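What follows is one structure encoded as structure tokens, with my remarks underneath.
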Amino acid sequence: MSGARRRRAAGAALACLVGAALCACRPPPHPPTPCSLRAPAAEDAATASERIPAAVWLDLLVPDHRDVRDPLAALHTCTGAPLRVDSSRHDAQVLPSGEPAPVRIAAVDEARALMWAPLRDYDDGDALGPIVLLRRHDPGDSAHLEILAIGALRAPRAAQLRLEALADGGELVVAEGARCEADVGEEARCVRELQLLPRSGERLVDAALRSGDVEGPARIAAALSVATPIPGGLRAATLERSLRGDPEGVRIVEVLRVRRCVGAAGEGCDDVATIRRERPLRFDGERLLAPASLWTPEIVEGGLP
């Protein structure tokens, strides 16, 4: 074989080796996981998820939910992790088991969606169940709904879901709704609340919220109020909260209003102070962090911030 022919043959062999190496390095199609389902035909993840019956979702996400007769018995998700929330109130009672609430689905974008499957109701207006961030994965003819992250959510049973982006690129699930409870023979008392679940890899974390030096559950009341007797009348303080997400991250927006009112019934109120504060949220991998709230013990006791 001539030198030129040998060089051409060597070049062809090298090309084959390089091509084989490139093919070997190319990632294979993403396989379905134990927490995934074959996806029905649909244009987006939310629509595909809605076409799967709620009972099928529950059997996938919490395989042992049908075998439990004790409402306090431990449940586990499809990952094997226990379905529990450690940071919420522990004084509420689990209501007798009935028909599970409808699965709640909220579109995040065309490929992703949030889904919450409430399994237990509490007498304080909360519900508990698995929550997942899922993606419609379509590698040709094996489209499936893949669970990107899973956790346990305890929130007002009629809560609406959304996903916000934190400033550092992380993600935060927000469940917002009115929690209503009532004693026998009394009118229901409703409080609008926001439950926050940061994402940490494949988990949606029941993390605490540290506001300044105060740490507690990542559950935010949308409105607070207090009235303190003063000579000749009342001093009334109200706080309104909302959560605002933008390209710069997520902020808790607070507006505090303090008024002085004449008479025991609070007639003839005059504004004393109106203060607005934006509290940026971040997640350090263990807890959510934010600057201190305007709602302080001094406000509750009748002072000013």
Side-chain angles (χ1 to χ4, degrees), residues 45-47 49-58 61-62 65 71-72 75 77 83-108 112-134 149-164 171-199 204-207 209 216-225 239-245 250 252-253 288:
T47 303
S49 303
E50 289 169 352
R51 292 179 180 173
I52 297 175
V56 175
W57 274 121
L58 290 174
L61 298 177
V62 190
H65 80 96
L72 298 178
L75 296 173
T77 69
L83 180 68
R84 66 167 181 256
V85 176
D86 295 325
S87 67
S88 291
R89 292 173 297 274
H90 293 278
D91 56 346
Q93 300 297 312
V94 179
L95 296 177
S97 299
E99 288 297 320
V103 170
R104 304 246 166 73
I105 298 172
V108 174
R112 300 188 300 165
L114 285 168
M115 187 183 66
W116 182 36
L119 277 174
R120 288 178 174 165
D121 287 331
Y122 293 81
D123 63 358
D124 65 353
D126 273 355
L128 169 69
I131 182 168
V132 296
L133 174 63
L134 55 86
I150 186 170
L153 174 65
R154 180 171 167 179
R157 62 174 60 97
Q160 301 297 310
L161 307 175
R162 67 181 188 271
L163 190 70
E164 299 281 4
E171 293 179 314
L172 180 72
V173 174
V174 180
E176 181 175 358
R179 181 175 59 86
C180 300
E181 57 181 320
D183 295 329
V184 177
E186 293 186 4
E187 186 177 349
R189 300 180 300 277
C190 297
V191 179
R192 192 159 193 83
E193 296 180 332
L194 298 93
Q195 178 68 49
L196 310 179
L197 288 182
R199 180 184 178 186
L204 298 174
V205 184
D206 175 38
L209 170 61
R219 176 81 69 102
I220 302 172
L224 295 167
S225 63
L239 182 76
E240 294 182 356
R241 287 195 184 113
S242 60
L243 205 67
R244 192 184 77 184
V250 179
I252 302 172
V253 180
L288 287 163

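Please read these numbers as outputs of a predicted model, since none were measured by experiment. In this chain, residues are counted from 1 in sequence order.
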Contact check, side chains of [X] and [Y], non-hydrogen atoms, under 4.5 Å:
X	Y	value
V173	L153	no
I252	L243	yes
L288	L172	yes

Taking only residues two or more places apart in sequence or in another chain, which ones pass side chain to side chain contact (heavy atoms under 4.5 Å, CB included) with [X]?
X	result
E176	R162, R192, L194
A152	L83, V85, L128
A46	D44, I105, A107, A113

Of the non-hydrogen atoms in [X] and [Y], which two are nearest, and what is the gap between them?
X	Y	answer
A149	R199	CB-NE, 3.9 Å
A175	A155	CB-CB, 4.0 Å
L134	A45	CD1-CB, 4.1 Å
L209	P217	CB-O, 4.0 Å
A159	W116	CB-CZ3, 4.3 Å

To the closest 0.5 Å, what do you measure between [atom1] ([X]) and [atom2] ([Y])?
X	Y	atom1	atom2	answer
R154	I131	CZ	CD1	15.0 Å
L196	L204	CG	CG	12.5 Å
S225	E240	OG	CD	10.5 Å
Q195	D126	CD	CG	8.0 Å
L197	E171	CG	CD	13.0 Å

Inset, instruction - Please confirm whether the backbone N or O of L224 pairs with a side-chain atom of R241, one donor and one acceptor, at under 3.5 Å? - result: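 Such a contact is absent between R241 side chain and L224 backbone.
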Inset, instruction - Say whether, by atom type as modelled, one donor and one acceptor occur between the side chain of R104 and the main chain of R157 under 3.5 angstrom. - result: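 Indeed, once roles are kept as given, a pair shorter than 3.5 Å links the two residues.
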